[in-house]
Asks: 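Before we start, here is the structure in question, set down as structure tokens.
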Number of protein chains: 2
Amino acid sequence: MNVDLNRADLVIRNVRAYNSCFRTFRDVDVYIKKGKFLYIDRKRAGEIQAEESIDASGLYMIPGLIDIHMHVESSLVTPAAFGAYTVRNGLTTVVAEPHEIANVFGREGIEAMIRSGRDVPCDMYFAIPANVPVTGEQFETSGAAISCKDMLDLKKTDGIICLGEVMNYRQIIQENDSEVARFIAQVHEEDPWYVLEGHCPQLKDAELARYLYLGIGSDHCEHDLEEVRQRFENGMFVQIQDMMMRQEILDFIRENNLYERFSFVTDDTFPDILTQKGHLDYLVRKAVAMGMRPEDAIYSATYTPAIRMRLTDRGLIAPGKIADFLLIDDPAKLNILQTYKRGKKVFDISETEPDQNIYSLGEQFENSVRIERPTEETFKVTIPGFDRRVLVRVMRIWRDTNKVMPTLVEMEVRDGILQWQKSGCALTMVFERHGKNGHIAYGFACGDCLKQGAVASSLSHDSHNLIVMGRNEADMKLAVDALIERQGGIIAVKDGEIKGLLELPVAGIMSNRSVEEAGRQFSAIRKAFDEQGYIHHNNVMNFCLLSLTCVAKLKLTDCGYLDTEMMKIRPLYEEIER
Amino acid sequence: MNVDLNRADLVIRNVRAYNSCFRTFRDVDVYIKKGKFLYIDRKRAGEIQAEESIDASGLYMIPGLIDIHMHVESSLVTPAAFGAYTVRNGLTTVVAEPHEIANVFGREGIEAMIRSGRDVPCDMYFAIPANVPVTGEQFETSGAAISCKDMLDLKKTDGIICLGEVMNYRQIIQENDSEVARFIAQVHEEDPWYVLEGHCPQLKDAELARYLYLGIGSDHCEHDLEEVRQRFENGMFVQIQDMMMRQEILDFIRENNLYERFSFVTDDTFPDILTQKGHLDYLVRKAVAMGMRPEDAIYSATYTPAIRMRLTDRGLIAPGKIADFLLIDDPAKLNILQTYKRGKKVFDISETEPDQNIYSLGEQFENSVRIERPTEETFKVTIPGFDRRVLVRVMRIWRDTNKVMPTLVEMEVRDGILQWQKSGCALTMVFERHGKNGHIAYGFACGDCLKQGAVASSLSHDSHNLIVMGRNEADMKLAVDALIERQGGIIAVKDGEIKGLLELPVAGIMSNRSVEEAGRQFSAIRKAFDEQGYIHHNNVMNFCLLSLTCVAKLKLTDCGYLDTEMMKIRPLYEEIER
């Protein structure tokens, strides 16, 4: 109880500290006590005694970075590995939405993520996944579901501070009987100020209004300028991710002085991007390179995200706030020299060492690829009836988009087996892998995808069943066998040889290694995809998204082909009418 | 659960509605459903059907006003009466701090205020009184105290959303063993984001930093520009009340674009001011008259106060927000024509009627002036020992300030009785009135105070003991008798006649009548004070503050004279040394 406010633990002298109210830098001495800022001494009068003194002449101090919309799983590592790495990116607070693991392990998975995030330098808060599974069980088989009751229980869990992105935006504005709609209705009764995060691409005008009427307050999706303008105008907090950093949008923010009403967020950062470009720090650098004042870009990665999440104890360098800060030598370049968390140094650029740790969420999360070993027969596409030609439904892949368009390709049926090998298409199969029903679905892909061998992945949004694509059955079988044996991963196989392998033993979607190691393996797998002719600009992810039912237009889940606009299952083939 | 988002209850067509993001007015149709805004239709496309339609051509719509620092008791009426009246001032949300009643009735009083505020059109939230009593029992006798445990219990009470102003600002930065310091330490553990309101006149530099280090986030006191600048710079939310609306401060806000970081607040509004000038609406009008853009002044009485109090469900006209709004004909004049609360009209300027209601908090709060009837002897100032002259300590009152300076006046003692009547001083007495110890303290006042008859009050901050001041004992006795009989009030007596009386039967500090009636009575009492020569610019309040121990320099409580700077009891007189 007795705190002597005349004494501090640490003083950083002669530093140019960022002031969030005036959005400017000032020459000050900064005193820190018990993990909080005590005094920003502008007169440098030395009224307070400090145990330790650091001279920071020539350096700048900014608040630690705060990322309020992101999925740790997208970096393919555990929260512990993520937090250990991203101190170098200046990340001191995140709000992570663990909906990937929730689709595999449900509440237990979420709780394991929270535990894993507890012992990292970064304060890792979590959002309740709103849509697990994203569709119903008639369309795909997920490993688990999060019910309204689960959400209400999770809301009371230490470390959880908001509802994550509400993705069923078209459904929820028409009907109110989804699990998340029930949750929102109940939360409104007891806590009308609870933070509800949004996801509503394309919604505008009255449709957008209906979505906001539910109390959802933010959006981080890709939009054109008019959509962005409407979001600001209607009181939404706008979260700008990499693909939204377009000149016209940044200009609009500047011209209308909207700095209080948006923040930068990363959403998904693959491990190779993380190691090569950075994290939220990269977005700040990019904004400055695009002409935003460093003082404004920093604001949008520190102060405003904290306010949006009601984390009023951080995000600025001021007395009483948590002493999370970075020392940098140039605000425009944001080259992070040191990171401090609650007044303790957790990163120094001159002292980094390779991270050789093994990160586990616990053994119970490492046997999640529950598939019976396939036989050679498994990879034959059987079509009953007499020999004939049929029109086979095929997913056409384009290099610049994750949208998948449907097409029909004529193929021969002989002895009840589809003869697809010379069709120019790649056989694509989804194996239900949660041990629920053993579904195996068959489909085909064409266009800018695989030309040789086979690729497979147990990371396959959002239900994360095992997906395999190949030009021959033998390589496909080898790929699937290898992933079952390793209990998860992404693999590329050619001519009976493994050409690239990223092991993902944790729930079949995360590595148990460091970010650096996952980044290296991810780069290798990306290269193997390239070499086998998968020429999409983001080939590995494009493959992992072929089951994702909230993207247009034809997708393959373990239940078969799904028309994601009509929300209808489609057959593999049509008979040719003569 | 099933809400049809294609249908609204009400549409206000052709209105110029305020947009809080861009701080501008726009021509729109505004749809309302179940008490919330559903759609602000800029295109006026009529996509949504509404049950009822109002044409508001030529009118402006702004959000309902939000006052986050105020004391209902200062208007000398109950919350129910206050709320019934202030719909005409456009007040739709307040955060009231009931520390006056807390000093009389403690937690029960606070809970009665909350109940009284429940059935009014305005949403009445409450703050936990932080310093009851403001000093210790060695310095004054209050009716009740609020302990750390009380505060923790109150924090869980429905309707309470923050800790009210922490007034022991000098004490709390030196030592941490006050009740409120213990409360803050415990709250930090369980909810580091809980709103803590401040009160720290004069604090600057390292002293201000120490106060902020405790997590206190706002201040509403009177300051010079440098003090205001330091508050903004250190991340405080600044609450601007009437006496802070000075040109240099408003200019500083404009020049530095600090509109996100302050709000207008009323603090204390006497009932005659309320009926003659208005409430928060008056401050907005005044700001505009001083050159602030109406769009900016409105922002600071709607959006920013809501954000400061984390009331993110209101304060702007946007889908999903509570439909509290005002219709006005001129944003600069803020002449409020209609007030809507949750989409329902609660005030129409063309339909007002006099309020004849009797407002009670309950009988248990109406017998609080627990004093034995005084006799004539009670009003004699006895000084033991032989006949002599002594130096009597006197409070010197100046017309422009509530600060009271000490002085010494020579008076005669004859037969053990002080002969003060020809000294030019007024006898001043404080009767402990909570039935605790029967203290009666004697003192004197001189300067710009009473010249004839007697005045008395059971409203006497903060402990609200009964104070009486007079030029003759008979009028003083009559005044005290009358207030005991009526169980509270403020009274002026001259030549054996009551010249003015404001009855305050509710806890001895509030009227049980309407704001209009309390305002009329208050005007009459102010006039009587004037006529009896109390020439202070705010004479009634100056009198009621003569016991207030957090104002400099010499005050009279039921425990006697208190030097409020040294916090030491001083004797009534000093012997003259020869």
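Keep in mind that the numbers below use all heavy atoms, side chains included, and drop hydrogens, waters and symmetry copies. Here is the naming used below: chain letters follow the sequence lines, and residue numbers restart at 1 for every chain.
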Asks: The criterion is side chain to side chain contact (heavy atoms under 4.5 Å, CB included); which residues satisfy it with B/K36, sequence neighbours excluded?
Replies: A/H188, A/Y213

Asks: What residues, two or more places apart in sequence or in another chain, satisfy salt bridge (charged side-chain N to carboxylate O under 4.0 Å, His left out) together with A/R44?
Replies: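 A/R44 satisfies salt bridge (charged side-chain N to carboxylate O under 4.0 Å, His left out) with no other residue.
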
Asks: Under a 4.0 Å N-O cut-off, is there an ion pair linking B/R23 with B/D296?
Replies: yes

Asks: Does the pair A/Y259 and A/Y299 meet the rule for a ring-ring contact (aromatic ring centres under 6.0 Å, His included), with working shown?
Replies: CA-CA 8 Å; A/Y259 295 103; A/Y299 194 68; 7.5 Å; no

Asks: Answer with side chain, backbone, both or neither: which region of A/L311 has an atom nearer than 4.5 Å to a non-hydrogen atom of chain B?
Replies: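 Its backbone and side chain both get close to chain B.
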
Asks: With a 4.5 angstrom heavy-atom cut-off, could you sort out which part of A/E233 is near chain B: side chain, backbone, both or neither?
Replies: both

Asks: Could you tell me whether B/D29 and B/R42 make a salt bridge, using a distance below 4.0 angstrom between a side-chain N and a carboxylate O?
Replies: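 Looking at B/D29 and B/R42, the cut-off is not met.
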
Asks: Considering only heavy atoms and a distance below 4.5 Å, find which of B/Q230, B/R26, B/K321 pairs most often with chain A.
Replies: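 The candidate making the most pairs under 4.5 Å is B/R26.
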
Asks: Do the ring planes of B/F232 and B/F252 sit parallel (below 30°), tilted (30 to 60°) or perpendicular (above 60°)?
Replies: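 Correct class here is tilted.
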
Asks: Could you check whether B/R229 and B/N256, counting side-chain N and O atoms only, form a donor-acceptor pair closer than 3.5 Å?
Replies: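 No, because no side-chain N or O of B/N256 sits under 3.5 Å from a partner of the opposite role on B/R229.
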
Asks: Non-hydrogen atoms of chain B under 4.5 Å away: do they reach the side chain of A/L38, the backbone, both or neither?
Replies: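 For A/L38, the contact with chain B is made by backbone and side chain together.
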
Asks: Where does B/F22 contact chain A at under 4.5 Å (heavy atoms): side chain, backbone, both or neither?
Replies: side chain

Asks: Among B/C21, B/G235, B/S20, B/G215, which residue has the highest count of heavy-atom pairs closer than 4.5 Å to chain A?
Replies: B/C21

Asks: Measuring heavy-atom distances to chain B, does A/D158 have an atom under 4.5 Å in its side chain, in its backbone, in both, or in neither?
Replies: neither

Asks: Quick check on the interface: out of A/A318, A/G217, A/G320, who has the most heavy-atom pairs with chain B under 4.5 Å?
Replies: A/G320

Asks: Examine whether an atom of B/N19 lies under 4.5 Å from a heavy atom of chain A, and if so say whether it belongs to the side chain, the backbone or both; otherwise answer neither.
Replies: side chain

Asks: Below 4.5 Å from any heavy atom of chain A, which atoms of B/R261 appear? Answer side chain, backbone, both or neither.
Replies: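 Just the side chain, heavy atoms under 4.5 Å.
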
Asks: Please identify, among A/D205, A/L258, A/D41, the residue contributing the most non-hydrogen atom pairs under 4.5 Å to chain B.
Replies: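 Heavy-atom pairs under 4.5 Å are most numerous for A/D205.
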
Asks: Side chains of B/S147 and B/E179: donor-acceptor distance under 3.5 Å anywhere?
Replies: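 Their side chains do not contain a donor-acceptor pair, so the 3.5 Å distance test is not met.
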
Asks: Any donor-acceptor pair under 3.5 Å linking the side-chain atoms of B/Q239 with those of B/S263?
Replies: no

Asks: Among B/R314, B/R210, B/M236, which residue has the highest count of heavy-atom pairs closer than 4.5 Å to chain A?
Replies: B/R210

Asks: So which of B/Y31, B/W193, B/F37 has the largest heavy-atom pair count under 4.5 angstrom toward chain A?
Replies: B/W193

Asks: With sequence neighbours excluded, tell me which residues meet side chain to side chain contact (heavy atoms under 4.5 Å, CB included) with B/R7.
Replies: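 In terms of side chain to side chain contact (heavy atoms under 4.5 Å, CB included), with neighbours along the sequence ignored, B/R7 is linked to B/D4, B/K33, B/Q49, B/E51.
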
Asks: How long is the straight-line distance from CG of B/L203 back to NE2 of B/H223, given to the nearest 0.5 Å?
Replies: 8.5 Å

Asks: For chain A, find its close neighbours in residues 302-310 of chain B: heavy-atom separation under 4.5 Å, sorted by number, or none.
Replies: B/Y303, B/R310

Asks: With the threshold set at 4.0 Å, does a side-chain nitrogen-carboxylate oxygen contact exist between B/R342 and B/D324?
Replies: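 Salt bridge between B/R342 and B/D324, a charged N being under 4.0 Å from a carboxylate O: no.
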
